Amino acid sequence: MTELAPSILAADFAALGEAVAACEAAGADRIHVDVMDNHFVPNLTLGPEAVAACRRHTRLPLEVHLMIERPDEILPAFVEAGAQLLTVHQEACPHLHRSVERIHRLGAEAGVGINPATPVSMLDVILPELQLALVMSVNPGFGGQAFIPAALDKLRALRQRIDRDRLRCRLEVDGGVGADNAAACQAAGADVLVAGTAIFRAPGGISAGVACLRERLGTRPGSGTVTPVEDVPPARRSV
Ligand code: DX5
Ligand code: ZN
């Protein structure tokens, strides 16, 4: 089943609690939190406190997309805040294997993202270690940008590798995903679609946005895996 991960970057930052609760009620599968540092990308967003605040308003898994340089030192704070999965960028981590190892030692799942100009071959060696491979379909930094179609070829290539080697790694696409390209992303092999604008700025509101994407994907609401907060192993809640 293809999962939907609303990106709260497009939500009302004054009402994040309501936003994540509405996503859960609408049948989203996980919540995507975009963390930016004004160095790796030219924008500044949320930190661990915001993740902890969201944690109090939803039982959905929280995945944190770290668009930051030198993420290693701040990884524990995000796990303590209640994140289940931390995604770092290949381009931001000179010692990528070590960063992934650190995430695992904290008891979280590890993802690695690649920018539009980064070839999928940069994930060749690390892929077997990952729970998520993230293909950026916009240049990271802002919501509401146009989908870059070359991402579809990258999804297809990674899908082939994941299936060929039977890796337990989800494949995610992020940026400019909406009703016009959701089915194409799914057909190219994406397991998880991140969507900000298409969900939070949908004319009919969050539930209409989720329903519209679900319809394109042919998936039922709430078909993904929800980990109730009390079922999250302690190691994943505090380190
Ligand atoms: C971009 C972020 C995305 C973004 C998606 O840097 O990583 O998660 O918020 O937003 P839309 O769906 O509006 O492109
Ligand atoms: Zn993102």
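Atoms within each ligand, like the ligands themselves, are counted from 1 in listed order. Please read all numbers here as calculations on a predicted model, not as lab measurements.
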Only heavy atoms of [X], strictly under 4.0 Å: list the atoms of ligand 1 that pass.
| X | value |
| --- | --- |
| H65 | 7 (O) |
| M136 | 7 (O) |
| T197 | 11 (P), 12 (O), 13 (O) |
| H32 | 8 (O) |
| L9 | 9 (O) |
| G144 | 11 (P), 13 (O), 14 (O) |
| M67 | 6 (O), 7 (O) |
| P140 | 6 (O) |

What's the shortest distance from atom 1 (C) of ligand 1 to any protein heavy atom, and which residue and atom give it? F142 O, 3.6 Å
In the protein, what heavy atom is nearest to atom 6 (O) of ligand 1, and what distance, to one decimal place, separates them? G141 N, 2.8 Å
Just checking, any donor-acceptor pair under 3.5 angstrom between side chains of T87 and E63? no
Do we see a donor-acceptor contact under 3.5 Å between the side chains of H95 and E101? no
Closest heavy-atom pair, A133 versus L127, reported as atoms and distance to 0.1 Å, is CB-CD1, 3.8 Å
So does H39 get a backbone contact from the side chain of D37, meaning a donor-acceptor N/O pair under 3.5 Å? yes
Whether the side chain of R55 engages the backbone of G82 through a donor-acceptor N/O pair (distance < 3.5 Å, no angle test) should be reported. yes
Under 4.0 Å, counting heavy atoms only: does [X] come that close to any atom of ligand 1?
| X | answer |
| --- | --- |
| G175 | yes |
| A10 | no |
| F147 | no |
| R201 | no |

Which single N/O/S atom of [X] lies at minimum distance from the Zn ion (ligand 2)?
| X | answer |
| --- | --- |
| H65 | ND1 |
| D174 | OD2 |
| D34 | OD1 |
| H32 | NE2 |

Please determine whether a side-chain nitrogen of the Lys or Arg among D12 and R201 lies less than 4.0 Å from a carboxylate oxygen of the Asp or Glu. no
Say whether D174, considering both its backbone and side-chain N or O atoms, lies within less than 3.5 Å of an N or O atom on ligand 1. yes
Taking distance alone, with no angle check, do G143 and ligand 1 share an N/O pair under 3.5 Å? no
Could you tell me if the side chain of [Y] sits less than 4.5 Å from the side chain of [X], heavy atoms only?
| X | Y | answer |
| --- | --- | --- |
| L96 | V88 | yes |
| M36 | L44 | no |
| V210 | L4 | yes |
| V173 | K154 | no |

CD1 of I31 to SG of C23: how many Å apart, nearest 0.5 Å? 4.5 Å
Working to the nearest 0.5 Å, report the span between CG of L16 and CD1 of I8. 4.5 Å
Pick from G176, G178, G196, S7: the one approaching atom 9 (O) of ligand 1 most closely through a non-hydrogen atom: S7
Pick one: which of V35, N115, D34 meets side chain to side chain contact (heavy atoms under 4.5 Å, CB included) with M67? D34
